[in-house]
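Scroll down for the structure; my scribbles are underneath it.
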Amino acid sequence: MLRRGHSTSNEVSTTLPAASSSFVLLSEAVEIYLEQKEKGCPITFRRAAERACGYVIDACSDKHLDVYTKADANAFRDALISRGLAGSGLTRVFGIVRAVINFAASEQGLSLTNPFAGDYYDRAAGVPAHDALAPNEDEEYENNTRKLSL
């Protein structure tokens, strides 16, 4: 499912990751994460992790975890925005990517500053506003709810 060795024209860096890195590739990090975390979870858990990290690989290529930079994270954010993801979708995808990277680094006994943490984007962008109930609608709702519970 992951895009190993996939290359796009949107890549931030065309240089290959250093072969001497002690960190795993992002595609390997996903497998480490899923081997430990997916037990007892629905198939959507696997799909979400593979999809989110696949988006990173599409935007920035499959690199060793310590090779990713803030520029990569920004390019990833911009790629997601250009796909039309709402702010809530960006939050979800970034959360998954951060979790995979942090978990894999921890499992390998290595520490790193996650470049996908603290990236700015408008979390409300593309999210429809929910109108608050008018005071009389709120009372009507409560009265109907009480009637149903009796």
Side-chain angles (χ1 to χ4, degrees), residues 1-134 137-138 141-142 145 149:
M1 179 81 180
L2 278 177
R3 300 128 176 103
R4 293 192 176 126
H6 188 270
S7 175
T8 66
S9 60
N10 295 336
E11 289 181 13
V12 172
S13 173
T14 57
T15 59
L16 294 174
S20 62
S21 176
S22 56
F23 284 83
V24 295
L25 295 169
L26 180 58
S27 57
E28 296 168 337
V30 173
E31 292 306 317
I32 291 168
Y33 179 77
L34 291 173
E35 282 174 11
Q36 297 299 315
K37 294 279 192 169
E38 82 171 324
K39 293 175 182 77
C41 292
I43 188 67
T44 54
F45 183 83
R46 172 176 276 279
R47 288 181 189 151
E50 288 177 341
R51 181 180 302 118
C53 293
Y55 289 159
V56 174
I57 293 169
D58 285 348
C60 309
S61 79
D62 195 12
K63 301 177 184 178
H64 292 276
L65 298 183
D66 60 329
V67 176
Y68 285 108
T69 64
K70 198 60 161 174
D72 290 318
N74 292 339
F76 173 56
R77 176 201 59 208
D78 295 342
L80 292 177
I81 291 170
S82 71
R83 284 178 177 253
L85 257 66
S88 56
L90 287 165
T91 300
R92 182 178 54 255
V93 171
F94 264 89
I96 293 168
V97 171
R98 280 194 312 270
V100 168
I101 290 173
N102 289 339
F103 184 83
S106 175
E107 283 290 297
Q108 299 294 306
L110 303 167
S111 62
L112 103 129
T113 301
N114 193 332
F116 294 92
D119 210 45
Y120 176 78
Y121 51 89
D122 184 3
R123 284 161 173 70
V127 179
H130 297 286
D131 295 330
L133 293 175
E137 291 174 327
D138 193 30
Y141 174 78
E142 287 180 18
T145 303
S149 65

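- To the nearest 0.5 Å, the span separating CG on L85 from CZ on R77 amounts to 13.5 Å.
- Separation of atoms CG (D62) and OH (Y68) is listed at 5.0 Å; rounding is to 0.5 Å.
- Remark: E38 CD to Q36 CD distance equals 10.5 Å, nearest 0.5 Å.
- Note on ring orientation: taking the six-membered ring where Trp is involved, the planes of Y33 and F103 are perpendicular (angle over 60°, cut-offs 30° and 60°).
- For the residue pair P115 and A73, the shortest heavy atom distance occurs at O-CB, 3.2 Å.
- The CZ atom of R92 lies 9.0 Å from the CG atom of L90; values are rounded to the nearest 0.5 Å.
- Contact check for D72 versus K63: side-chain heavy atoms found under the 4.5 Å cut-off.
- Note that the CG atom of N102 and the CD atom of E107 stand 12.0 Å from one another [nearest 0.5 Å].
- Nearest approach of L25 to H64, heavy atoms of both residues: CD2-N, 3.6 Å.
- L112 is listed as a side-chain neighbour of I101, based on a closest heavy-atom distance under 4.5 Å.
- At a threshold of 4.5 Å between non-hydrogen side-chain atoms, the residues L34 and E50 count as touching.
- A pairwise comparison of heavy atoms in A104 and V24 identifies CB-CG2, 4.5 Å as the closest pair.
- At least one side-chain heavy atom of I32 sits less than 4.5 Å from a side-chain heavy atom of Q108.
- Using modelled atom types, no side-chain atom of D66 and backbone atom of F23 make a donor-acceptor pair closer than 3.5 Å.
- The shortest distance between side-chain heavy atoms of V93 and F76 falls below 4.5 Å.
- Nearest heavy atoms, A49 versus I96: CA-CG2, 3.7 Å.
- For A117, the side-chain contact (heavy atoms from CB on, under 4.5 Å) test picks out R98, N114, with sequence neighbours left out.
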